[in-house]
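All values reported here derive from a predicted model rather than from experimental measurement.
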Amino acid sequence: RDPNLSAIFAPSALIEVSITAQLGPARIHGTIDRLIVTDSHVHIIDFKSNRAVPSTAKDCPEGVLRQMGAYAHALKQIYPEHAQSLSILWTRTGHLMPLPHDMVMAALERAQNLDEVGANT
C-alpha cells in the first residue's frame, strides 16, 4: 500500500531470484527476494523480518551486510556494466533501508579475511 514501495512489487520486478557465483575459492548460492533490472542499473532488495529493526544502515547486522555484499558481487559478474543499489525491506516496519555499496563490500571483505585466517590455522 505504500507508494514508495510500488517498484518493488511491480510486475517487472524479479521475484526470488536464485543465484550461483564464484566468490574466491568458494561457490555461493542464494535467493534474492526482489531484483529490479534496467538497461543500466540493478537494484537488489532483500526482505528481513528481524524483531529488532536497526535505525540506520550502520546498525545493520554484520551477517546481513555480508549477505548483501555477496549478492552484489554475484550480480556484478552477470551485469558488469550496471550500477548497483542495495536495500533491505524490514517487513516488521515496512521501511526500505538503502545500504551503501562500500559498506556491504567491506563486510564481504571482512568475511573473506576470516575465511582465509581459518584456512591458515
Side-chain angles (χ1 to χ4, degrees):
R1 291 177 270 173
D2 183 342
N4 295 322
L5 302 178
S6 61
I8 295 171
F9 297 100
S12 59
L14 302 173
I15 301 168
E16 295 186 10
V17 178
S18 296
I19 59 164
T20 301
Q22 200 66 35
L23 181 60
R27 195 132 185 91
I28 60 168
H29 307 279
T31 302
I32 300 171
D33 291 323
R34 289 289 191 280
L35 187 60
I36 301 169
V37 181
T38 68
D39 290 340
S40 60
H41 187 260
V42 175
H43 189 178
I44 305 161
I45 303 118
D46 205 51
F47 297 176
K48 294 296 180 197
S49 58
N50 296 32
R51 185 176 185 98
V53 175
S55 55
T56 69
K58 290 180 185 177
D59 299 324
C60 221
E62 180 76 3
V64 170
L65 297 175
R66 290 175 180 180
Q67 176 187 6
M68 296 301 283
Y71 289 168
H73 174 81
L75 286 172
K76 199 59 160 171
Q77 294 175 46
I78 299 167
Y79 300 103
E81 303 301 319
H82 285 58
Q84 291 183 342
S85 58
L86 303 105
S87 301
I88 297 294
L89 178 60
W90 298 102
T91 59
R92 188 171 191 79
T93 60
H95 174 65
L96 185 66
M97 178 183 286
L99 299 174
H101 193 271
D102 60 338
M103 181 183 292
V104 299
M105 297 314 290
L108 181 61
E109 181 69 26
R110 287 189 295 274
Q112 289 178 295
N113 289 339
L114 287 175
D115 288 344
E116 290 171 10
V117 169
N120 294 324
T121 57

Excluding sequence neighbours, so at least two apart, what forms side chain to side chain donor-acceptor pair (under 3.5 Å) with Ser55?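 Partners of Ser55 by the side chain to side chain donor-acceptor pair (under 3.5 Å) criterion, ordered by chain and then number, come out as Asp59.
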
I'd like to check the side chain to side chain donor-acceptor pair (under 3.5 Å) partners of His101; sequence neighbours left out, ordered by chain and number.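 His101 satisfies side chain to side chain donor-acceptor pair (under 3.5 Å) with Gln84 only.
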
To the nearest 0.5 Å, how far apart are OG in Ser85 and CD1 in Ile44?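 Result: 7.5 Å between the selected atoms.
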
Enter the distance from His43:NE2 to Leu96:CG here, rounded to the nearest 0.5 Å.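 Reported value, rounded in 0.5 Å steps: 5.5 Å.
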
By side-chain contact (heavy atoms from CB on, under 4.5 Å), which residues pair with [X], not counting sequence neighbours?
X     : answer
Ser40 : Thr38
Asp39 : none
Pro61 : Asn50, Pro54, Val64, Trp90

Decide whether [X] and [Y] are clustered together by the hydrophobic rule: side chain heavy atoms of Ile, Leu, Val, Met, Phe, Trp, Tyr closer than 4.5 Å, transitively.
X      : Y     : value
Val37  : Leu86 : yes
Ile88  : Ile32 : yes
Val53  : Leu99 : yes
Val104 : Ile45 : no
Met105 : Val42 : yes

Does Glu62 have any salt bridge (Lys or Arg N to Asp or Glu O under 4.0 Å) partners at least two apart in sequence or in another chain, and if so, which?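 By the salt bridge (Lys or Arg N to Asp or Glu O under 4.0 Å) rule, Glu62 matches Arg66, Arg110.
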
Partners passing salt bridge (Lys or Arg N to Asp or Glu O under 4.0 Å) against Asp33 (at least two apart in sequence or in another chain):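 For Asp33, no residue satisfies salt bridge (Lys or Arg N to Asp or Glu O under 4.0 Å) once neighbours in sequence are set aside.
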
Are side-chain heavy atoms of Lys58 and Met103 found at a separation under 4.5 Å?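 Result yes, sub-4.5 Å side-chain heavy-atom pair found.
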
Tell me which donor-acceptor pairs under 3.5 Å the side chains of residues 68-80 have, and how far apart each pair is, sequence neighbours excluded?
unit_1: Tyr71; atom_1: OH; unit_2: Thr31; atom_2: O; d: 2.9
unit_1: Tyr71; atom_1: OH; unit_2: Gln67; atom_2: NE2; d: 2.8
unit_1: His73; atom_1: NE2; unit_2: Gln22; atom_2: O; d: 3.0
unit_1: His73; atom_1: NE2; unit_2: Gln77; atom_2: NE2; d: 3.0
unit_1: Lys76; atom_1: NZ; unit_2: Pro80; atom_2: O; d: 3.3
unit_1: Lys76; atom_1: NZ; unit_2: His82; atom_2: O; d: 2.9
unit_1: Gln77; atom_1: NE2; unit_2: Gln22; atom_2: O; d: 2.9

What pairs of donor and acceptor atoms, side-chain ones from residues 11-20 against any protein atom, are under 3.5 angstrom apart with sequence neighbours left out?
unit_1: Thr20; atom_1: OG1; unit_2: His29; atom_2: ND1; d: 3.1

Summary of salt bridge (charged side-chain N to carboxylate O under 4.0 Å, His left out) pairs that have at least one residue in residues 41-54, sequence neighbours excluded: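 For residues 41-54: Asp46-Lys48.
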
